[in-house]
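Accompanying notes for the structure given below.
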Amino acid sequence: MYDYDVLVLGSGPGGQKAAIATAKLGRRAAVVERRDMVGGVCINTGTIPSKTLREAVLYLTGLNQREMYGQSYRVKENITIADLLSRTQHVVGREIEVIRSQLSRNRVALLPGLGSFVDEHTVEVADGTGPASRVTADRIVIATGTTPARPSTVDFDGATVVDSDGILSLDRVPQSMIVVGAGVIGIEYASMFAALGCKVTVVESRPRMLEFCDIEVVEALKYHLRDLAVTFRFGETVAAVERHPRGALAVLESGKKIPAEVVMYSAGRQGMTAGLRLENAGLGADARGRITVDEYFRTSVPHIYAVGDVIGFPALAATSMEQGRLAAHHACGETVQGISPLQPIGIYTIPEISFLGRTEDELTAARIPFEVGVSRYRELARGQIIGDSYGVLKLLVSPEDRSLLGVHVFGTGATELVHIGQAVMGCGGTVDYLVDAVFNYPTLAESYKVAALDAMNKIRQIEWLSD
Ligand SMILES: Cc1cc2nc3c(=O)[nH]c(=O)nc-3n(C[C@H](O)[C@H](O)[C@H](O)COP(=O)(O)OP(=O)(O)OC[C@H]3O[C@@H](n4cnc5c(N)ncnc54)[C@H](O)[C@@H]3O)c2cc1C
């Protein structure tokens with residue numbers, strides 16, 4: 001009766017995984033996407049370009065080797081934008097091929113263009129090259145993601161005043177930069193440009209940054225970024241950005257003026273729903289373009305689902321993928337548990353941050369007792385070998401049942417290491433497992449054992465005193 005069982009709008013992580021999961025369940029799936037955006041924001045302008053750029057920065061600056069070879073160590077002296085972007089373009093190109101191939105191997109049709117609702121089962125697809133076509137589906141998944149929010153008062157010119165998309169089109173590595181907004185994206189780019197030797201000023205209207213992270217980890221990050229000549233202006237708001245022939249001048253509401261070659265706005269993101277004609281399907285979005293869903297990712301129209309950044313927090317590629325898979329399973333009549341509450345957060349600053357579970361502040365506010373076990377990389381042989389003297393892994397452990405309440409990692413490999421804690425927590429393990437486990441030596445993974453022993457020693461001391 002319908003052209004497809006499941007039609008997906010958007011080919012980012014949420015859309016891809018929804019379509020592939022549908023096909024794996026033996027149903028007919030199609031994805032609507034602009035010709036030049038296969039892979040979504042994730043592959044084209046977000047996760048993959050930024051993480052590849054970071055890798056290029058770390059390699060070419062030799063930053064991670066300076067502990068060993070001295071502060072003047074560089075792999076390349078004058079790093080150009082071409083040096084950085086050639087790696088990015090290579091990886092993005094490969095990733096697009098991988099996605100196209102996965103979709104075609106699984107017989108998922110890729111319909112080029114932008115989709116908009118005609119009614120609750122019909123979508124019009126227009127790619128601007130000819131007449132629009134219409135396609136029908138039993139179930140529809142909206143995975144149209146977000147676009148950088150642009151304050152109307154700011155004149156973005158793509159060269160001096162840019163957003164996180166425009167930063168990938170700079171024609172040079174600027175000597176100075178203002179990053180407006182100390183959210184994850186802003187602070188990741190601030191790290192990268194600071195590592196390149198650019199003088200970065202971060203302006204943030206809130207009194208602190210990354211408030212959902214462990215406070216000690218954020219303090220450590222700020223210390224490292226200041227060491228790379230980053231200046232923080234918390235509790236300050238940019239009132240205006242003046243563009244001059246030789247650069248920009250940011251005027252803060254406090255009256256301060258900050259000169260910079262480039263100003264990057266990272267002022268949140270807006271859901272891509274404006275062009276969807278949601279009203280034709282009986283749907284709507286909030287002021288930030290986001291769609292409300294239930295635990296199975298159903299919108300208020302039960303056969304239409306929404307996943308990924310368009311539904312808001314946590315707006316991560318990792319979570320979007322899982323939401324897409326779960327939505328497709330639900331749409332195809334499979335039994336679905338809600339998404340696991342154990343979602344890791346990875347922040348690719350320099351150094352990187354990752355965590356899982358609760359923070360000390362959250363546990364204290366909830367009056368949940370905990371003990372802290374800490375391991376510092378500089379006390380691990382692997383930490384010495386790789387020259388990471390600042391890394392730290394912190395376990396928050398319940399003294400009552402010895403379960404892990406939180407894992408917080410700062411330093412090399414943090415975003416990988418966190419998954420050991422995730423496996424233990426996800427399987428209901430306790431700190432005893434980590435105390436008893438033998439880890440490869442010398443590794444950073446060993447930090448789990450060291451931190452577990454530290455926590456256990458503290459718990460034992462309290463038990464001993466309480467006897
Ligand atoms: C700079 C940056 C760095 C990031 N780094 C990370 C990271 O390190 N780790 C991480 O997990 N996440 C990261 N993210 C977030 C991650 O990119 C997003 O969470 C993820 O891409 C969201 O996936 P999505 O499925 O919602 O769709 P998106 O990737 O946002 O893609 C949506 C797609 O829908 C298409 N679309 C829009 N409207 C229509 C329409 N009407 N019809 C058809 N198609 C349409 C768009 O063209 C787009 O291709 C980063 C984001 C940015 C911007």
Side-chain angles (χ1 to χ4, degrees), residues 7-19 30-55 88 95-96 99 110-117 123-127 132 135 140-149 162-168 179 181 183-192 264 266-278 285 289-291 297 305-325 327 343-349 352-354 414-415:
L7 178 69
V8 181
L9 302 179
S11 69
Q16 276 161 48
K17 299 301 171 198
V31 176
V32 182
E33 179 59 271
R34 286 183 278 170
R35 273 178 209 280
D36 59 350
M37 267 307 265
V38 173
V41 163
C42 176
I43 304 293
N44 292 277
T45 54
T47 314
I48 298 302
S50 64
K51 263 73 272 181
T52 313
L53 199 67
R54 179 182 186 274
E55 211 58 40
T88 302
E95 281 288 285
I96 291 173
I99 289 160
L110 190 53
L111 312 177
L114 282 173
S116 59
F117 285 95
V123 166
E124 185 172 270
V125 182
D127 81 343
V135 56
I140 296 173
V141 179
I142 302 171
T144 50
T146 54
T147 188
V162 296
D163 56 24
S164 65
D165 287 357
I167 199 100
L168 298 167
V179 174
V184 173
I185 295 171
I187 214 72
E188 285 185 358
Y189 275 117
S191 305
M192 285 182 238
M264 188 191 105
S266 181
R269 300 187 61 90
Q270 180 75 21
M272 284 275 277
T273 45
L276 282 175
R277 292 194 287 168
L278 289 174
R290 290 172 307 199
I291 298 175
F297 306 102
Y305 295 73
V307 298
D309 284 13
V310 77
I311 64 168
F313 186 81
L316 289 170
T319 335
S320 304
M321 291 182 205
E322 184 60 1
Q323 293 171 347
R325 190 183 73 83
Q343 296 290 322
I345 303 283
I347 303 177
Y348 294 84
T349 40
E352 70 193 53
I353 295 173
S354 195
T415 52

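Reckoned from all heavy atoms, side chains included, excluding hydrogens, waters and symmetry mates. Everything numeric here is computed off the predicted structure, so don't read it as measured data. Indexing begins at 1, ligand by ligand and atom by atom, following the structure's order.
Of the protein's non-hydrogen atoms, the one nearest atom 25 (O) of ligand 1 is Gly14 N, 2.7 Å. Annotation: atom 46 (C) of ligand 1 to nearest protein heavy atom, Glu33 OE1, 3.5 Å. Protein heavy atom in closest approach to atom 17 (O) of ligand 1: Thr47 OG1, 2.8 Å. What sits closest to atom 43 (C) of ligand 1 on the protein, heavy atoms only, is Val32 O, 3.3 Å. Remark: minimum distance from atom 37 (C) of ligand 1 to any protein heavy atom is reached at Thr144 O, 3.4 Å. For atom 8 (O) of ligand 1, the nearest protein heavy atom (residue, atom name, distance) is Lys51 NZ, 2.9 Å. Atom 18 (C) of ligand 1 has as its closest protein heavy atom Asp309 OD2, 3.2 Å. For atom 24 (P) of ligand 1, the closest heavy atom belonging to the protein is Pro13 CD, 3.9 Å.
Heavy-atom proximity to Gly115, at under 4.0 Å, picks out these atoms of ligand 1: 40 (C), 41 (N), 42 (N), 43 (C). Those atoms of ligand 1 that come under 4.0 Å of a heavy atom in Ala318, given as number and element, are 11 (O). Every atom of ligand 1 with a heavy atom of Met272 under 4.0 Å away is listed here by number and element: 37 (C), 38 (N). Proximity to Tyr348 (heavy-atom distance under 4.0 Å) selects the following atoms of ligand 1: 8 (O). Heavy-atom contacts of Gly308 reach the following atoms of ligand 1: 26 (O) (cutoff under 4.0 Å). In summary, the atoms of ligand 1 found under 4.0 Å from a heavy atom of Ala315, numbered by their order in the structure, are 15 (C), 19 (O). Within the listing of ligand 1, atoms 30 (O) sit less than 4.0 angstrom from a heavy atom of Thr146. In the vicinity of Leu114, heavy-atom distances shorter than 4.0 Å reach the ligand 1 atoms 38 (N), 39 (C), 40 (C), 41 (N), 42 (N), 45 (C).
Here Leu316 has heavy atoms under 4.0 Å from ligand 1 in both its backbone and its side chain. Of the heavy atoms in Val38, none comes closer than 4.0 Å to ligand 1. Only the side chain of Arg34 comes within 4.0 Å of ligand 1, counting heavy atoms alone; its backbone N, CA, C and O stay farther away. With a 4.0 Å heavy-atom cut-off, ligand 1 is reached by the backbone of Ala317 and by its side chain too.
Among all heavy-atom pairs drawn from Gly39 and Pro13, the shortest one is O-CD, 4.3 Å. Contact detail for Ser50 and Tyr189: the closest heavy-atom pair is CB-OH, 3.4 Å. Nearest heavy-atom pair, Ser266 versus Gly186, reported as atom, atom and distance to 0.1 Å: OG-N, 3.3 Å. Among all heavy-atom pairs drawn from Gly346 and Ser354, the shortest one is CA-OG, 3.9 Å.
Applying the side-chain contact (heavy atoms from CB on, under 4.5 Å) criterion to Arg54, with sequence neighbours excluded, gives Leu58, Met192, Tyr348, Ile350, Glu352.
Val123 places a side-chain heavy atom less than 4.5 Å from the side chain of Phe117. When side chains are defined from C-beta on, Glu95 does not count as touching Cys42, because their heavy atoms never get closer than 4.5 Å. Residues Asn44 and Asp165 form no side-chain contact, since every pair of their non-hydrogen atoms from C-beta on lies 4.5 Å or further apart. Thr45 places none of its side-chain heavy atoms less than 4.5 Å from the side chain of Ser164.
The shortest heavy-atom distance from Gly275 to ligand 1 is not under 4.0 Å.
In this structure, the side chain of Arg269 engages the main chain of Thr146 through a donor-acceptor pair within 3.5 Å. The main-chain N or O of Gly308 is found under 3.5 Å from a side-chain atom of Gln323 such that the two form a donor-acceptor pair. Looking only at distances, a side-chain donor or acceptor of Gln16 sits under 3.5 Å from a matching main-chain atom of Ser11. Put simply, the side chain of Thr88 never gets that close to the backbone of Thr52: no donor and acceptor are under 3.5 Å apart.
Scanning Ser11, Gly46, Gly324 for the heavy atom closest to atom 51 (C) of ligand 1 points to Gly46. Comparing heavy-atom distances from atom 21 (O) of ligand 1 across Gly346, Cys42, Gly39, Ala126 singles out Cys42 as nearest.
Residue pairs satisfying the salt bridge (Lys or Arg N to Asp or Glu O under 4.0 Å) criterion with at least one member in residues 38-53, sequence neighbours excluded, are listed as follows: Lys51-Glu188.
Every N/O-N/O distance between Arg269 and ligand 1 stays at or above 3.5 Å.
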